[in-house]
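Here is the naming used below: chain letters follow the sequence lines, and residue numbers restart at 1 for every chain. As a basis for the values below, the full set of heavy atoms in this structure was taken, side chains included, without hydrogen atoms, waters or symmetry mates. It should be emphasised that the depicted structure is a prediction, and the values quoted were computed from it without experimental measurement.
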Number of protein chains: 2
Amino acid sequence: MGDIEVAVSTVIFALRPDRCARGTALWLPLVRRIKEPYAGRWALPGGPVRRDEDVEQAARRTLLETTALAPKYLEQLYTFGQVERAAEPVPGPRVISVVYWALVRPEEAEHGIEDENVGWHLADAPPGLAFDHATIVRYALWRLRTKMEYSRVAQAFLGDTFTLAQLREVYEVVLERTLDPANFRRQMESSGAVEPTGDYLVGGRHRPPRLYRHRETRDLADNGPLTRRQDVVGSRPTSTNPTPTNPTSGSRQTP
Amino acid sequence: MGDIEVAVSTVIFALRPDRCARGTALWLPLVRRIKEPYAGRWALPGGPVRRDEDVEQAARRTLLETTALAPKYLEQLYTFGQVERAAEPVPGPRVISVVYWALVRPEEAEHGIEDENVGWHLADAPPGLAFDHATIVRYALWRLRTKMEYSRVAQAFLGDTFTLAQLREVYEVVLERTLDPANFRRQMESSGAVEPTGDYLVGGRHRPPRLYRHRETRDLADNGPLTRRQDVVGSRPTSTNPTPTNPTSGSRQTP
DNA sequence: CTAATAGTGTCTTTAAGACAGTATTGA
DNA sequence: TCAATACTGTCTTAAAGACACTATTAG
């Protein structure tokens, strides 16, 4: 029964300058596999969950170990639990993967490792990936774009202060369409997601734009009621359940 | 390493008549635990994942075994993977739970088992639950309400044909507020989510309302790109990956 | 007929989008 | 001065909501 391995993988997105086309594009770091199933192919950073660490903690640890990244925004994406997952070239062991997705700021991204085994790739067109990681990346991209429309995730791509033009560029690059600066400004200001610092960004070639900061009314990575960790109302400090172990409903037919 | 158990739990919602207050309320089935951690307490139906079954399949199986329910709408909710999950009364084994949520129609709900160990409870105010199942139920409720606003999940509570008043009642009960019948009608008709069958519901006390059916343009339980299983563009038929097993980025510092 | 629900029409408010116009900087 | 970006104002359109009004049934 304890015959199933649990692993984590993480899809990390960052905005980085792009040589061709427009200035900026969406990138994600990949690591090259060295062991056999898919050896030599690119894959999402990850690894097995240790017995004594939380699953999210495992995601952070493997990320740090393989890419040296420590993203502030980290959220669970989906758990992939099909039986035939490892059955591609070699019928390996049964592995269930809890996949996370992360957003890092440009400065954070710079601290990441880059060598022949760890590198950034365009999120739109990643190279041939191991396992079904291509599907996972596509799903993560869909989640990012969807969440962009109704939340403030875009701010996770930026530093503590930023101009509205920078924030707008995040939206434009991720959603792949241009936005009207005037309307964008109005929306951001009326939504209360940002607030002006009072400072201006000097050194630009033209009129210095106002600087803004995140308005941390709520956490950026919102998982609904999961973020509000300790409830005041309910009971104990909310541990994260181990599920009923086979309840086998005993005596049925009892009104 | 294979020292971790993987289990599933499912939060099932159904609309059922309520004795007090308004006619209908949101209910969910719970099972009574018979084994020791939390023996006697109510818990979500679920159980361990077998080595040879998909995780989703495990959710369906345990649901059928314990409650005799086979919901059409079943979707992954979240995976709970903290270390201290089982550590409440007895420091049990490490268990990671993949939690699903399901919606069942009234007729489906009637087929469910009901005895002293399996019973329906008000989703708003469940009894004292085992583990952190109260948190999970609260989270599932939040997801249901959130998803209700932008998708067509409401239809999963109803049969093949229904009146707009019935559909509106689903929204009203779940969202806990009344909706304007006129505006609701317009929204539903313009969204293209439903289409009139041409028939009318006779036998009512008053003017017979038009019957509608789901417009199955897309799947009800949409998981973004995950539902579109086989891609035509990409490559192979999309298996569901087993994650890279510890890539340990080899030779760093290589430009 | 009345009671009750089904369904339509219309007005107001709000937000999104298009786009013209003004402001402020470096060179 | 000019180019380029920052920022403001205003018009149009679409959707949401409030709510009056008509339609059709059972009894």
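- Within the model, atoms CG of Asp18(A) and CG of Asp124(A) stand 10.0 Å from one another, a figure rounded to the nearest 0.5 Å.
- Ser190(B) places a side-chain N or O within donor-acceptor distance of the main-chain N or O of Gln187(B), the cut-off being under 3.5 Å.
- We find that CE of Met188(B) is positioned 15 Å from P of dA15(D), with the value rounded to whole Å.
- No donor-acceptor distance shorter than 3.5 angstrom exists from the side chain of Arg213(A) to the backbone of Thr161(A), with no hydrogens or angles considered.
- For Phe184(B), the ring pair (Phe, Tyr, Trp, His ring centres under 6.0 Å) partners two or more places apart in sequence, or in a different chain, are Tyr171(B).
- Rounded to whole angstrom, the span from the CZ atom of Phe184(A) across to the P atom of dT5(D) amounts to 17 Å.
- Heavy-atom distances under 4.0 Å link DNA chain D to His206(A), Arg207(A) of residues 196-207 of chain A, given in residue order.
- Taking every nucleotide of DNA chain C with any atom under 4.0 Å from a non-hydrogen atom of chain A, the first and last of them, 5' to 3', are dA16(C) to dG26(C).
- Evaluation of the ring pair (Phe, Tyr, Trp, His ring centres under 6.0 Å) rule for Tyr212(A) yields no partner, not counting sequence neighbours.
- Taking every heavy atom of both residues into account, Val173(A) and Leu15(A) meet most closely at CG1-CD2, 3.7 Å.
- Note: Tyr139(A) and Trp142(A) have parallel aromatic rings, judged against thresholds of 30 and 60 degrees for the angle between ring planes.
- In this structure, Pro29(A) and Ile12(A) approach most closely via the heavy-atom pair CD-O, 3.1 Å.
- With Arg105(B) contributing its side chain and Ala156(B) its backbone, the two residues share no donor-acceptor pair below 3.5 Å.
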Using atom names, set out every protein N or O paired with an N or O of nucleotides 8-11 of chain D below 3.5 Å, distance rounded to 0.1 Å.
from, atom 1, to, atom 2, distance (Å)
dT10(D), O4, Arg186(A), NH1, 3.1
dT10(D), O4, Arg186(A), NH2, 3.3

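- Remark: His111(B) engages no residue in a ring pair (Phe, Tyr, Trp, His ring centres under 6.0 Å) (not counting sequence neighbours).
- For the pair Arg168(A) and Gln187(B), both in contact range of DNA chain D, the more 5′-proximal nearest nucleotide belongs to Arg168(A).
- One can place CG of Leu179(A) at 17 Å from C1' of dC7(D), the figure rounded to the nearest angstrom.
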